[in-house]
Amino acid sequence: MSWPEPVVCVQSLAESGIRTIPVRYVKPPCQRPGGAAMESVEVQMNIPVVDMAKLESAAAVRDMAEACREWGFFHVINHGISGEVMECVKESWKQFFDQPLDLKKQYANSPMTYEGYGSRLGIEKGAILDWSDYFFLNYMPTSLRNPAMWPAFPPSTKKLIEEYGNEVVKLCGKLMKRLSVGLGLKEEYLLNAFGGEEGIGACMRANMYPKCPQPDLTLGLSPHSDPGGMTILLPDHNVPGLQVRKGDHWITIDPIPNALIVNIGDQIQVLSNAIYKSVKHRVIVNSNKDRVSLAFFYNPKSDLIIEPAKELVSEERPALFPRMTFDEYRLDIRKRGICGTSQHEQSLKST
């Protein structure tokens, strides 16, 4: 499997001095930022904040569960990862993306695994593309790691990836326990459903959203729900760009200093039988500034069957999803690319 057309580096396009973006990046009017179908909210509004230092209390767990039901997103503070580590790993990725294109192309990826440096998702010929470049790498299980594909420059990058990744894995384990309790399940339920600490999968995606001469015509990342279990986003705290769908509106998330952003993915939505929501989100771009973020995807063991927890299924609330492995689900995602349909919607359409 290969890309259907030559891959164009968006950062190089942005740095070439163009004043209009190529038609391949122009979204239909209804999908553009501020489009008539889905206006951005003008009032001050932000996702909830979860304080990890308070998550031993029942009230704090209830508040987090409420955030997962109503938003599917929340900020997490006092998460135990130092601000220095977060800034260093983000800076290392900025330095990588600022390298000459020939150096970055040494890590060019393919749609077989997506691992490495790339600028498009999906293999549909002639598809409308997003205004972004990225670097994707496997992290867990460790048997899937390919250190040869991890950037060798800056020299500290590989060490920082591992240091940051290990800390995020610990954070996810703590969150999974509290998320289980919030559903009325045993503390270890969700983690066990993912295959336990030794079975979970994880990967990272460093995102580069270059400045854009016509940000009102395109998107850095099209609307989608995350196909995996849970995503931990290290945002660019200086350049907002993430938007979350809330009802009939797109809400721009205002990053909190030293906070991470957590969102529920499709697999936890399935396990919770849609009590927790995997919510569509997208990324807008900026006319004056580049934006770099780092997404960490925490996923179930790829060959385990994922289905609604039996404790959350009843006559009044039957199982809303088919049984499916994560491998089966993401294979479909790779074929279609990001098109904004969660597993919940897919299952409803198929019934």
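This structure is a prediction, so every number in the text was calculated from the model and none was measured.
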### Message
Would the distance check show the side chain of Lys246 and the main-chain N or O of Glu70 forming a donor-acceptor pair, the cut-off being under 3.5 Å?
### Response
yes

### Task
Would you kindly confirm whether Ile47 and Val239 end up in one hydrophobic cluster when ILVMFWY residues are joined by side chain heavy atoms under 4.5 Å apart?
no

### Message
Quick one: does any side-chain atom of Tyr276 pair with a main-chain N or O of Gly265 as donor and acceptor, under 3.5 Å?
### Response
no

### Message
For a quick check under 3.5 Å, do Ser222 and Lys27 share a side-chain donor-acceptor pair by atom type?
### Response
yes

### Query
Taking everything shown except Lys211 itself, do over 12 heavy atoms lie less than 6.0 Å from its NZ?
no

### Query
Short question: side chain of Tyr189, backbone of Val181 - any donor-acceptor pair under 3.5 Å?
no

### Task
Using the test ring pair (Phe, Tyr, Trp, His ring centres under 6.0 Å), find all partners of Phe135 that sit at least two apart in sequence or belong to another chain.
Trp93, Phe96, Tyr107

### Message
Testing the basics here: between Ile232 and Val168, what is the closest heavy-atom pair and its distance to 0.1 Å?
### Response
CG1-CG1, 3.8 Å

#### Entry: Backbone of Val10 reached by a side-chain donor or acceptor of Asp133 within 3.5 Å
yes

#### Entry: Reported CE-to-CD distance for the pair Met149 and Gln106, which is rounded to 0.5 angstrom
10.5 Å

### Task
Kindly say whether Phe97 contributes a backbone atom to a donor-acceptor pair with the side chain of Gln11 at under 3.5 angstrom?
yes

### Query
Side chain of Asp226, backbone of Asn263: donor and acceptor closer than 3.5 Å?
no

### Message
To the closest 0.5 Å, what do you measure between CD (Glu167) and CZ (Phe296)?
### Response
11.0 Å

### Message
When you compare the side chains of Gln243 and Thr252, does any donor N or O come within less than 3.5 Å of an acceptor on the partner?
### Response
yes

### Message
Is it true that, when you exclude Lys105 itself, more than 12 heavy atoms of the residues, nucleotides or ligands shown sit nearer than 6.0 Å to its NZ?
### Response
no

### Query
Roughly how far, to the nearest 0.5 Å, is the CZ atom of Phe297 from the CD atom of Gln267?
13.0 Å

### Query
In the single-linkage hydrophobic clustering (I, L, V, M, F, W, Y; side-chain heavy atoms under 4.5 Å), do Ile77 and Trp71 co-cluster?
no

## Note on the structure
In terms of heavy-atom contacts, Leu219 and Pro33 come closest through CD2-CG, 3.7 Å

### Query
Any chain of hydrophobic side-chain contacts (each under 4.5 Å) joining Val270 to Phe326?
no

### Query
Side chains of Tyr114 and Asn138: do they bring a donor and an acceptor to under 3.5 Å?
no

### Task
Return the minimal non-hydrogen interatomic distance between Met204 and Gly165, and the atom names on each side.
CE-CA, 3.6 Å

### Task
Fit a plane to each ring of His281 and His224, take the angle between them on a 0 to 90° scale, and name the class: parallel (under 30°), tilted (30 to 60°) or perpendicular (over 60°).
tilted

### Query
Are Leu121 and Met112 grouped together when hydrophobic residues (ILVMFWY) are joined by side-chain heavy atoms under 4.5 angstrom apart?
yes

### Message
Checking the side chain of His237 only, and the main-chain atoms of Ala259 only, is there a donor and an acceptor separated by less than 3.5 Å?
### Response
yes

### Message
Would you say CD of Glu197 has more than 12 non-hydrogen atoms from neighbouring residues, nucleotides or ligands within 6.0 angstrom?
### Response
no

### Query
Just by distance, with hydrogens left out, do Asn46 and Asp254 show a side-chain donor and acceptor under 3.5 Å apart?
no

### Message
Just checking Phe136 against Trp150, ring centres under 6.0 Å apart?
### Response
no

### Query
Judged by atom type as modelled, is there a donor-acceptor pair below 3.5 Å linking the side chain of Asn299 to the main-chain atoms of Ala202?
no

### Message
Taking Val169 as the starting point, is it possible to reach Ile264 by hopping between hydrophobic residues whose side chains are less than 4.5 Å apart?
### Response
yes

